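Everything on this sheet refers to the single structure shown next.
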Amino acid sequence: MNQAQLHRLVARQSKEKDSTALFELRLATNLTLIQQLFFSLYPENQHGAYFNKLLDLLPKLFTSRPSDLKEQDLLRLNAGNWYQSEKMLGMQMYVEHFNKDLNGLRQKIPYLKELGVNFLHLMPITSRPKGENDGGYAVNSYLQVDKRYGTKADLLALTSEFRKEGIYLMLDFVVNHTSDEFPWAKKAIKGDKKYQGYYYTFDDRTVPDAFEKTLPEVFPETSPGNFTYIPEMEKWVMTVFNSYQWDLNYTNPEVFLEMLINLAKLADMGVDVVRFDALAFLWKKIGSISQNLPEAHTLVSLFRMCLQVVAPGVILLAEAIVAPTDIVKYFGEGQTLGNECEVAYNASLMALLWNSIATKKTNLLYKSLAHVPGKPKDCTWINYIRCHDDIGLGYENQLIWELGWSPELHRKFLLDYYCQKLEWSPAMGLLFMYNPKTGDGRITGSAASLLGLEKGIMLKDKELINQSIAKIIMLHGIVFAFGGIPLIYAGDEIGTLNDYSFRNDNAKKGDSRWVNRPLQDWDAVSRLREETSPQAQIFHTLQKLIQIRKKNPLFADNNNLELYHTGNDHILAFGRSNGDRQGLLVLCNFDEKPQVIETGWIKKMGYFTKGDPLDLVSDQQISVKSGLLEILPYQMIWLKKG
Ligand code: GLC
């Protein structure tokens, strides 16, 4: 049982219904854990006073939480794991690319509802440097809304409207770094020792050189190395991401306390899910790659345990785009099982789906998913195919070898397939952070362009267009059914193509991720009634699939995903069942030719007991008199039992 469940139990059994009394109960329930986590990072003999400060701080943070949010916290506490429900359906967007600003977004709530979206991830909206700012991930403030989006009052109006409409909001907490214009950084630059201690600053290259021996580079093309020299300060500062993003020094307990205040205040603006950005990087150690270190987990759990006491209705998302075995650790392990982040990106599934599209085979997907350790029952995935970032090819080399492929050549093939090096490939992606020395690189591009729609339209090739529509629908359908919160990247619901305009903007042209950050095409939206356009076909089919998901509790995440081997390497088959009587079987064909599977195993699972079962996608019954089932190119079947 994780701490959240314990709070639920304690709240139910206690006679206290008053929110302050319940806060005190939560504090008492979490305190031993908080103390252990805190002292394991900040030894008591040196930092005891900071623990006392933390104990003073928690009641203050609770007192300042708005009363309507306190009420909502108690409702959520009672309601259980709301984030695992089949009703959850998300969309991620840049506010300025969607409809100008926060008020513009508010006007588009009817569009979101029409599609069935009830969970939104807004890309950073706080103030940032004028020039390069990594799309707002270089923060000048954690709380001040950047003018281009509106005001804090606009944000509060929006979150209050979202609450009325039943829409959950996720915002980023850029917990690993600030911009070099952040007030702490500015003071550090001016020579203030206290704030120099908020970052990793060094007088000479001794420590940076020691770190560099094992630290990889995140942005080798645009920001090589992990340290930047600041002449005014006459010091080197650690900058793992871009040179203008300064890594926070969490070995300093003051940094933790200040950031906890920022976190609680973010939650107080009506944020339901806090996206812990780049959390794998939170702790650094010479001689390591400084990612996924045990202390980073301790720190995340410490944030979690504290925020849970103050705002139990708010949950955390781990943005850890790391190896599958490392991702699940952000759900917590051992004593902190279920006590770190409730949600994590299913980056493994995402990258494997792109691999399956290029190879037309699902063998690496099966092999890799079999290696992903199970997640705790109270945690869930964000399942997605595209987001604002690139697609990394972080597959396990060993598993590629086991398939008889060379990992190096396989990655080269994927880069060639997606980045326009192969004449026959329908994909129109771009290379990102390509390193000619190692051959490593990543892929950018919108879902539709990577899946052939751009090329199909360019060549006026009807067949290619139809094939790409089927692929777009199939990949989305998989993430709708996989168990977790599906997250659509804004624009993908209408098959938006690559946006090449970033090449004309000096602040953006070095970062090809901007190709997949297009403006929402409201013109196309206004033409969705023209049923035959690719946009309309994609939108209406996704809308229908979303409605099916929302009506059917089989789609909720009960940690019940099962993969089935069909004996056909082009097919993905997985099931979700609630006991013997009800079930959902998803069958997808990743090949451009029809494929056939044997169906004895499906019958054995009882799908045909009550006659021919319904495919929820086509609304037709599936009959398999011959014992074989033919699945068309890029067809997805959602077979329902019971
Ligand atoms: C996350 C974001 C990415 C950003 C990085 C640094 O990975 O998704 O866009 O560049 O953090 O903040």
Side-chain angles (χ1 to χ4, degrees), residues 90 92-97 121-129 131-142 146 170-182 185 199 215-224 226 228 238-248 250 259 262 266 273-282 284 289-292 296 300 316-323 326-327 330 341 343-348 350-351 382 384-392 394 432-433 442-446 487 489-490 502 507-508 510-517:
Q92 173 194 2
M93 62 174 65
Y94 282 89
V95 174
E96 70 274 39
H97 291 182
H121 172 209
L122 306 185
M123 299 301 288
I125 51 170
T126 49
S127 51
R128 76 282 311 268
E132 283 186 53
N133 54 47
D134 194 16
Y137 281 99
V139 293
N140 282 0
S141 159
Y142 284 99
D146 191 282
M170 174 157 89
L171 287 186
D172 274 275
F173 184 50
V174 186
V175 60
N176 179 64
H177 42 257
T178 73
S179 78
D180 55 0
E181 291 183 8
F182 194 85
Y199 301 95
L215 277 183
E217 292 174 322
V218 178
F219 296 131
E221 266 186 4
T222 46
S223 194
N226 289 282
T228 304
M238 185 181 251
T239 52
V240 168
F241 286 82
N242 289 295
S243 54
Y244 50 85
Q245 286 164 308
W246 289 21
D247 288 65
L248 286 165
Y250 280 100
M259 289 299 280
N262 284 326
L266 185 67
V273 184
V274 178
R275 180 183 184 274
F276 260 51
D277 180 63
L279 82 179
F281 297 81
L282 285 177
K284 299 22 182 188
I289 63 166
S290 296
Q291 289 181 37
N292 307 312
V300 176
L316 306 186
L317 163 87
E319 192 258 338
I321 312 302
V322 294
D326 288 323
I327 296 181
Y330 289 94
C341 294
V343 195
Y345 282 112
N346 198 345
S348 322
M350 179 276 295
I382 288 237
Y384 66 113
I385 61 168
R386 282 307 284 119
C387 69
H388 67 294
D389 278 329
D390 48 290
I391 302 170
F432 181 66
M433 296 292 149
R442 282 122 76 179
I443 299 158
T444 54
S446 77
L487 192 69
Y489 187 56
F502 76 100
K508 292 180 178 166
D511 186 342
S512 74
R513 290 177 299 175
W514 287 103
V515 81
N516 47 257
R517 298 169 180 177

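Order of appearance sets the numbers: ligands from 1, and atoms from 1 within every ligand. Remember, predicted model here, so these are calculated numbers, not experimental data.
Using modelled atom types, one side-chain atom of Asn516 and one backbone atom of His388 make a donor-acceptor pair closer than 3.5 Å.
Side-chain contact, Asn176 with Asp277: no donor N or O sits under 3.5 Å from an acceptor N or O. One side chain, Arg275 or Tyr345, offers a donor N or O that lies under 3.5 Å from an acceptor on the other. At a cut-off of 3.5 Å, with distance as the only test, no side-chain donor of Tyr137 or Asn242 sits close to an acceptor on the other residue. With hydrogens and angles left out, the side-chain atoms of Asp134 and Gln245 include a donor and acceptor closer than 3.5 Å.
Residue contacts with ligand 1, taken as heavy atom pairs separated by less than 4.0 Å, involve Arg275 solely via side-chain atoms from C-beta onward. Of the heavy atoms in Tyr345, none comes closer than 4.0 Å to ligand 1.
Distance from atom 4 (C) of ligand 1 to its nearest protein heavy atom, with residue and atom name: Asp134 OD2, 3.3 Å. Here the heavy atom of the protein found nearest to atom 7 (O) of ligand 1 is Glu319 OE2, 2.9 Å. Summary of contacts: the protein heavy atom closest to atom 11 (O) of ligand 1 is Asp277 OD1, 2.8 Å.
We find the CD1-CE distance between Ile382 and Met350 to be 12.5 Å, quoted to the nearest 0.5 Å.
Aromatic ring orientation, Tyr199 versus Trp246: perpendicular (interplanar angle above 60°, classes split at 30° and 60°). Note: Phe173 and Tyr142 have tilted aromatic rings, judged against thresholds of 30 and 60 degrees for the angle between ring planes.
If you number the atoms of ligand 1 from 1 as listed, the ones under 4.0 Å from a heavy atom of His388 come out as 2 (C), 3 (C), 8 (O), 9 (O). Shown in contact with His177 at under 4.0 Å from a heavy atom are these atoms of ligand 1, numbered in order with element: 6 (C), 12 (O). Atoms of ligand 1 found under 4.0 Å from any heavy atom of Phe241 (numbered from 1 in listed order, with element): 5 (C), 6 (C). Atoms of ligand 1 found under 4.0 Å from any heavy atom of Phe219 (numbered from 1 in listed order, with element): 10 (O).
Considering backbone and side-chain N/O of Arg517, none are found under 3.5 Å from N/O of ligand 1.
Across the listed options Val139, Asp389, Asp390, Asp389 owns the non-hydrogen atom lying nearest to atom 3 (C) of ligand 1.
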